[in-house]
Amino acid sequence: MQMKILGAGVLLVLGWLWFYLFVRQFLFNFFTAYPLIKKMQAAKEDLIAVGAKRYTGVSVASCAVVCVIVIVLVAVLCPWYFVICFFAGALVAFFMYLPLLGPKNRDMFDSFCSTYYRFVPDDELRTAMYNKKPSQMKVRLHAMGVSDDFIPEFKK
């Protein structure tokens, strides 16, 4: 009985870790990366390179494959109570992560900037994104004559 309880605890933590490593990245791509790339391309076509969408597509595909493999392994190899514990851990992680979804969250916007700055051809804008400075990004966009609507306003 004690081993079942320990195993359930381990699978609860593994479910949380699985969500944090793979599902979180999957959700980041759909709720932050794709919307910001789309808004940047709408502001100016060559503001961000086409490679950004391909990069995100590869990330989505790889995360989806790993998620499916893990789900199949857990479902096939574990008894039902371990499966429940695994998905309970993932569900806990999901509810912890839910308020952070979207580009209006400063951490998500900073993650986008630190990942996608390399796809921006303009040197000054790329540097501002690398340094995660929305105010410098806005200044550079105004100097370029491009709308800065895709940069959210963050509370101090």
Side-chain angles (χ1 to χ4, degrees), residues 4 6-122 125-134 137 141 146-155:
K4 288 181 180 179
L6 285 173
V10 166
L11 278 166
L12 186 86
V13 171
L14 287 176
W16 185 89
L17 186 64
W18 167 73
F19 180 90
Y20 187 76
L21 292 176
F22 300 106
V23 179
R24 181 181 62 95
Q25 180 64 38
F26 190 78
L27 293 174
F28 170 81
N29 288 329
F30 282 108
F31 288 98
T32 303
Y34 276 134
L36 284 174
I37 291 169
K38 188 176 181 180
K39 288 178 182 178
M40 287 178 80
Q41 288 176 336
K44 186 177 178 190
E45 181 126 356
D46 61 345
L47 191 59
I48 191 165
V50 178
K53 274 192 176 178
R54 280 184 253 150
Y55 177 81
T56 307
V58 169
S59 176
V60 166
S62 60
C63 286
V65 167
V66 170
C67 287
V68 168
I69 289 171
V70 170
I71 288 171
V72 168
L73 285 175
V74 168
V76 169
L77 299 177
C78 295
W80 62 272
Y81 46 88
F82 283 168
V83 173
I84 291 171
C85 288
F86 179 83
F87 287 110
L91 195 61
V92 166
F94 173 74
F95 284 119
M96 290 171 64
Y97 185 68
L98 192 60
L100 303 177
L101 281 175
K104 292 186 180 186
N105 180 290
R106 180 63 191 251
D107 291 333
M108 292 296 108
F109 186 77
D110 286 349
S111 293
F112 174 81
C113 288
S114 65
T115 304
Y116 288 88
Y117 74 90
R118 66 189 86 161
F119 295 106
V120 176
D122 184 72
L125 183 59
R126 183 174 52 243
T127 303
M129 284 181 71
Y130 176 78
N131 293 326
K132 301 174 200 135
K133 302 283 187 186
M137 291 170 63
L141 289 169
V146 177
S147 172
D148 65 352
D149 291 341
F150 65 90
I151 301 173
E153 291 294 325
F154 300 110
K155 295 178 184 175

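Positions are given from 1 along the sequence.
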Working to the nearest 0.5 Å, report the span between [atom1] of [X] and [atom2] of [Y].
X      : Y      : atom1 : atom2 : value
Met137 : Met40  : CE    : CE    : 6.0 Å
Lys53  : Asn29  : NZ    : CG    : 13.0 Å
Phe87  : Leu11  : CZ    : CG    : 10.5 Å
Asn131 : Arg126 : CG    : CZ    : 12.0 Å
Ile48  : Leu36  : CD1   : CG    : 8.5 Å
Gln25  : Thr56  : CD    : OG1   : 8.5 Å

* **Contact check, side chains of Val23 and Phe94, non-hydrogen atoms, under 4.5 Å** => no

* Would you check, one step at a time, whether the test side chain to side chain contact (heavy atoms under 4.5 Å, CB included) holds for Thr32 with Ser111? => CA-CA 9 Å; Thr32 303; Ser111 293; over 6 Å; no

Over all heavy atoms of both residues, which pair between [X] and [Y] is shortest? Give the atoms and the distance, please.
X      : Y      : answer
Arg118 : Thr115 : NE-O, 3.2 Å
Pro121 : Asp46  : CG-O, 3.4 Å
Ser147 : Leu141 : O-CD1, 4.2 Å

Ring pair (Phe, Tyr, Trp, His ring centres under 6.0 Å) involving [X] - partner list, sequence neighbours excluded:
X      : value
Phe86  : Trp18
Phe31  : none
Tyr130 : Tyr117
Tyr116 : Tyr55, Phe112, Phe119

* Got more than 12 heavy atoms from elsewhere within 6.0 Å of OH, Tyr20? -> no

* Asked: Does any pair with a residue in residues 80-101 pass side-chain hydrogen bond (donor to acceptor under 3.5 Å, both in side chains), and if so which ones, sequence neighbours excluded?
  -> none

* Apply the test side chain to side chain contact (heavy atoms under 4.5 Å, CB included) to residues Phe82 and Leu77: give CA-CA distance (whole Å), side-chain angles for both, the deciding distance (0.1 Å), then the verdict. => CA-CA 9 Å; Phe82 283 168; Leu77 299 177; over 6 Å; no

* **Residues Phe19, Met96; criterion side chain to side chain contact (heavy atoms under 4.5 Å, CB included); working and verdict** => CA-CA 11 Å; Phe19 180 90; Met96 290 171 64; over 6 Å; no

* Show your reasoning for whether side chain to side chain contact (heavy atoms under 4.5 Å, CB included) applies to Leu125 and Leu47. => CA-CA 9 Å; Leu125 183 59; Leu47 191 59; 3.5 Å; yes

* Under the ring-ring contact (aromatic ring centres under 6.0 Å, His included) criterion, do Phe26 and Phe22 qualify, and how do the steps go? -> CA-CA 6 Å; Phe26 190 78; Phe22 300 106; over 10 Å; no

Residues 98-110, side-chain donor-acceptor partners within the protein, below 3.5 Å, at least two apart:
| residue | atom | partner | partner atom | Å |
| --- | --- | --- | --- | --- |
| Asn105 | OD1 | Asp107 | N | 2.8 |
| Asn105 | OD1 | Met108 | N | 3.3 |
| Arg106 | NE | Asp110 | OD1 | 3.0 |
| Arg106 | NE | Asp110 | OD2 | 3.2 |
| Arg106 | NH2 | Lys132 | O | 3.0 |

